[in-house]
Protein chains: 2
Amino acid sequence: MKIGELSRATGTNIETIRYYERIGLLPAPHRTAANYRSYCEPHRARLTFVRHSRDLGFTIDEIRSLLDLSDDPGRDCSEADRIASRHLEQVEDKIAQLTRLRDELTRIVGRCRGGVAADCRVIEALGDHRHCKSAH
Amino acid sequence: MKIGELSRATGTNIETIRYYERIGLLPAPHRTAANYRSYCEPHRARLTFVRHSRDLGFTIDEIRSLLDLSDDPGRDCSEADRIASRHLEQVEDKIAQLTRLRDELTRIVGRCRGGVAADCRVIEALGDHRHCKSAH
DNA sequence: GCTTGACCCCGTAGTTGCTACAGGGTGCAT
DNA sequence: ATGCACCCTGTAGCAACTACGGGGTCAAGC
């Protein structure tokens with residue numbers, strides 16, 4: 001499988017595949033006589049793992065740890081669970097933060113009645129945190 | 001007011017203040033004989049506006065437009081409203097996306113029963129998108 | 001008068017996770 | 001032989017900072 005095929009098979013940009021190889025997230029594949037990268041099934045599976053983890057918001061470093069774990073089937077699984085749980089917490093924190101932010105924005109946007117900038121409630125609200133109901 | 005005081009007054013990193021000046025988001029202040037930056041109240045207000053907007057998730061470019069508007073009090077306010085409304089939409093989209101992601105992660109994390117990596121449901125789930133209930 | 005420490009200056013490079021070139025080589029069909 | 005799709009490398013760009021190296025300034029204390 002050449003890089004273009006792997007790209008289509010996994011929905012990953014070619015540049016991104018090469019980038020993952022460069023940073024050591026994917027192993028360097030064999031090369032053809034013309035120096036083209038030649039991939040096979042385990043490469044595809046690993047890249048799928050990486051992409052899926054990225055889609056779920058894991059950082060490259062977290063994925064590195066998760067890959068290390070899956071490369072070493074005898075190791076204790078609890079670290080994977082710990083990484084995923086911590087990530088879940090971060091996602092929940094982010095949702096909470098964005099929700100506060102949304103409420104604040106909704107309040108601000110709702111106040112605009114048109115008119116000129118001098119009287120604009122949106123601009124006024126941005127300039128003065130005291131208009132806010134909650135921390136953000 | 002020297003840069004350190006402005007930093008404390010607005011909760012902004014000194015490096016960030018200089019960065020904002022460099023990219024033209026804040027005007028260059030006067031300098032003392034020793035070439036120190038010397039700020040006054042309008043600078044503080046502007047930086048407060050910028051920080052508050054950043055806290056609400058506006059991009060630097062959006063803030064640039066909002067500042068232009070507030071610098072020109074005769075202009076129509078509707079652009080500020082448009083920028084804020086579009087941003088609100090983006091925040092809502094992001095919340096929806098993170099919520100889907102959280103549900104998927106919750107499902108994955110919940111499946112770990114301990115044991116070794118070879119049997120780990122977390123690692124299995126990351127390797128195969130077909131385990132997922134919804135798009136993400 | 002000299003040191004100490006807090007503060008300030010500038011310019012550049014690093015961060016994350018890619019993405020986009022520029023400038024070249026390969027392989028196959030027409 | 002000419003066109004085209006595909007591949008290669010290396011480097012630079014993105015957002016919004018943050019950190020660092022190597023220096024200057026200033027007031028207080030000995």
Side-chain angles (χ1 to χ4, degrees), chain A residues 1-26 28-40 43 46-67 83 87 90-91 94 97 101 136, chain B residues 1-26 28-40 43 46-47 49-67 83 86-87 90-91 94 97 101 136:
Chain A
M1 194 173 9
K2 283 191 286 183
I3 199 168
E5 295 168 74
L6 181 63
S7 166
R8 283 186 295 276
T10 60
T12 312
N13 201 320
I14 288 180
E15 321 269 24
T16 305
I17 297 175
R18 286 200 280 250
Y19 166 72
Y20 287 161
E21 181 184 327
R22 202 163 56 244
I23 64 171
L25 205 56
L26 297 181
H30 286 116
R31 298 290 184 123
T32 68
N35 200 30
Y36 288 7
R37 288 173 179 81
S38 180
Y39 297 97
C40 48
H43 289 108
R46 196 177 181 89
L47 180 52
T48 300
F49 184 104
V50 170
R51 286 313 307 173
H52 193 195
S53 303
R54 285 292 301 132
D55 286 348
L56 288 167
F58 287 95
T59 66
I60 299 279
D61 265 2
E62 285 167 340
I63 296 171
R64 233 184 262 278
S65 304
L66 290 167
L67 282 171
I83 292 170
H87 180 54
Q90 285 166 7
V91 170
K94 189 78 191 168
Q97 190 211 330
L101 216 135
H136 52 87
Chain B
M1 196 176 1
K2 283 190 286 183
I3 198 168
E5 294 168 75
L6 181 63
S7 165
R8 282 186 295 275
T10 60
T12 312
N13 202 320
I14 288 179
E15 321 269 24
T16 305
I17 298 175
R18 285 199 282 247
Y19 167 71
Y20 286 161
E21 181 184 326
R22 202 162 57 245
I23 64 172
L25 203 57
L26 297 182
H30 286 117
R31 299 291 184 121
T32 67
N35 201 30
Y36 287 7
R37 287 172 180 81
S38 180
Y39 297 97
C40 48
H43 289 108
R46 196 177 182 90
L47 180 52
F49 184 103
V50 169
R51 286 313 307 172
H52 193 195
S53 304
R54 286 291 303 131
D55 285 347
L56 287 168
F58 288 95
T59 65
I60 299 279
D61 265 3
E62 286 167 340
I63 296 170
R64 234 184 264 277
S65 304
L66 291 167
L67 282 171
I83 292 171
R86 195 186 51 204
H87 180 56
Q90 285 166 6
V91 169
K94 189 77 192 171
Q97 188 210 331
L101 215 134
H136 53 87

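Bear in mind the structure is a predicted one, so any value in this text is a computation, not a measurement. Just the heavy atoms: all of them, side chains too, but no hydrogens, waters or symmetry mates, feed the values below. Residue numbers begin at 1 in each chain, while the letters A, B, ... track the order of the sequences.
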field: Residue-phosphate contact under 4.0 Å: A/R31 side-chain N/O, C/dT26 OP1/OP2
entry: no
message: Quick check against the 3.5 Å criterion: does A/S7 have a side-chain atom that pairs as donor or acceptor with the backbone of A/T12?
response: yes
message: To the nearest 0.5 Å, what is the distance between CD on A/E62 and CG on A/L67?
response: 12.0 Å
message: Does a side-chain N or O of B/R18 approach OP1 or OP2 of C/dC9 to a distance below 4.0 Å, or not?
response: yes
query: To the nearest 0.5 Å, how far apart are CD in B/E5 and CZ in B/R37?
result: 14.5 Å
field: A/Y39 vs A/I17 side-chain heavy atoms within contact, under 4.5 Å
entry: yes
query: Under 4.0 Å between a side-chain N or O of B/R37 and OP1 or OP2 of C/dC8?
result: no
field: A/I3 CD1 to A/E15 CD distance, which is reported to the nearest 0.5 Å
entry: 8.5 Å
field: By side-chain contact (heavy atoms from CB on, under 4.5 Å) - contacts of A/I60 (at least two apart)
entry: A/Y20, A/I23, A/L25, A/R54, A/R64
Tabulate atom names and distances for all N/O pairs under 3.5 angstrom spanning the protein and nucleotides 25-29 of chain D.
residue: D/dT25; atom: O4'; partner: B/Y36; partner atom: OH; Å: 3.1

- prompt: CD1 of A/I63 versus P of C/dT16: gap in Å, rounded?
  reply: 13 Å
field: Integer-rounded Å distance: D/dG10 P and A/N35 CG
entry: 11 Å
Tabulate atom names and distances for all N/O pairs under 3.5 angstrom spanning the protein and nucleotides 16-19 of chain D.
residue: D/dA16; atom: OP2; partner: B/I60; partner atom: N; Å: 3.4
residue: D/dA16; atom: O3'; partner: B/R54; partner atom: NH2; Å: 3.4
residue: D/dC17; atom: OP1; partner: B/R51; partner atom: NH1; Å: 3.4
residue: D/dC17; atom: OP2; partner: B/Y20; partner atom: OH; Å: 2.8
residue: D/dC17; atom: OP2; partner: B/R54; partner atom: NE; Å: 2.6
residue: D/dT18; atom: OP2; partner: B/T16; partner atom: OG1; Å: 3.0

- prompt: Between B/H43 (side chain) and B/L6 (backbone), is there a donor-acceptor pair under 3.5 Å?
  reply: no
statement: Whole-Å distance, B/L25 CG to D/dA15 C1', equals 13 Å
- request: Take the protein atom NZ of A/K2 and the nucleotide atom C1' of C/dG27, then report the distance between them rounded to whole Å.
  value: 8 Å
- prompt: Roughly, in whole Å, what's the span from CD1 in A/I17 to P in C/dT19?
  reply: 11 Å
statement: Separation between CD (B/E21) and CG (B/L47), nearest 0.5 Å, reads 11.5 Å
message: What's A/I23 touching, base or sugar-phosphate or nothing? Going by heavy atoms closer than 4.0 Å.
response: nothing
message: Applying side chain to side chain contact (heavy atoms under 4.5 Å, CB included) to A/L66 and A/F49, what does each step give before you reach the verdict?
response: CA-CA 9 Å; A/L66 290 167; A/F49 184 104; 3.9 Å; yes
